[in-house]
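Counting begins at 1 with the first residue of the sequence.
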Amino acid sequence: MTSYYCPFRVSSVLNRDVKQYGKKFMFDCNEETCWNSDQGDCQWVLLEFPQPVNVSKVKLQFQGGFSAKTCRLEGCLKDGDLMRLSQFYPEDNNCLQISFLLTDLTFT
């Protein structure tokens with residue numbers, strides 16, 4: 001598996017406290033930290049890959065008691081419109097979840 005950094009954005013940060021809950025904690029591999037969104041119906045994370053990627057699996061981990069009820073994966077080609085690729089319903093626990101397996105989607 002190849003790992004590399006890609007720019008990403010989030011919908012919100014809890015109480016706008018980026019020092020304690022900011023997006024930088026989403027991919028820091030530290031179980032003591034995490035990104036916390038503010039409250040609201042629609043929270044999102046947008047990954048912008050700098051080169052074509054094949055997506056075959058998405059892993060998520062929520063804090064117990066703060067899980068989303070419904071999640072969906074959307075994607076698009078560069079400068080295209082987002083389209084729904086999958087919808088899933090995560091468990092409300094602290095476990096790492098492989099929410100779905102995809103058959104190699106390529107985004108450029």
Check your understanding: Just wondering, more than 12 heavy atoms not from Asp81 lying within 6.0 Å of its CG?
Key -> no
Check your understanding: Is there a path from Phe62 to Val45 through hydrophobic residues (I, L, V, M, F, W, Y) whose side chains come within less than 4.5 Å of each other?
Key -> yes
Check your understanding: Can you check side chain to side chain contact (heavy atoms under 4.5 Å, CB included) on Cys6 and Glu48, steps first, answer last?
Key -> CA-CA 6 Å; Cys6 72; Glu48 299 179 39; 5.9 Å; no
Point to revise | Residue list, side chain to side chain contact (heavy atoms under 4.5 Å, CB included) with Cys95, at least two apart or on another chain | key: Asn93
Exercise for review: Can you see which heavy atom on Trp44 is nearest to which on Trp35, and at what distance?
Suggested key: O-CH2, 3.9 Å
Check your understanding: NZ/Lys59 to CG/Leu96 distance, rounded to the nearest 0.5 angstrom?
Key -> 6.0 Å
Point to revise | Same apolar cluster (I L V M F W Y, side chains within < 4.5 Å links), Met26/Leu14 | key: yes
Check your understanding: Are Val58 and Leu47 joined in one hydrophobic group, where the rule is that I, L, V, M, F, W and Y side chains link up if heavy atoms are under 4.5 Å apart?
Key -> yes
Exercise for review: Answer yes or no: is there a side-chain heavy-atom contact under 4.5 Å between Gln87 and Thr70?
Suggested key: yes
Point to revise | Asn36 side chain near Phe25 side chain, heavy-atom distance below 4.5 Å | key: no
**Study point:** Close side-chain approach of Phe88 and Leu60, heavy atoms under 4.5 Å
**Key:** yes
Check your understanding: If we only count heavy atoms from C-beta on, is the Ser12 to Gln43 side-chain gap below 4.5 Å?
Key -> yes
Review point. When rounded to the nearest 0.5 angstrom, what is the spacing between OH in Tyr89 and NZ in Lys69?
Key: 13.0 Å
Review point. Distance from Gln97 atom CD to Cys71 atom SG, nearest 0.5 Å?
Key: 8.5 Å
Practice item. Name all residues meeting the ring pair (Phe, Tyr, Trp, His ring centres under 6.0 Å) criterion together with Phe27; count only those two or more places apart in sequence or in a different chain, and write none if there are none. Key: Phe8
Check your understanding: What heavy-atom pair brings Leu82 and Glu74 nearest, and what distance separates the two atoms?
Key -> CD1-OE1, 3.5 Å
Check your understanding: What are the two closest non-hydrogen atoms of Gln61 and Asn94, and how far apart are they?
Key -> NE2-O, 2.6 Å
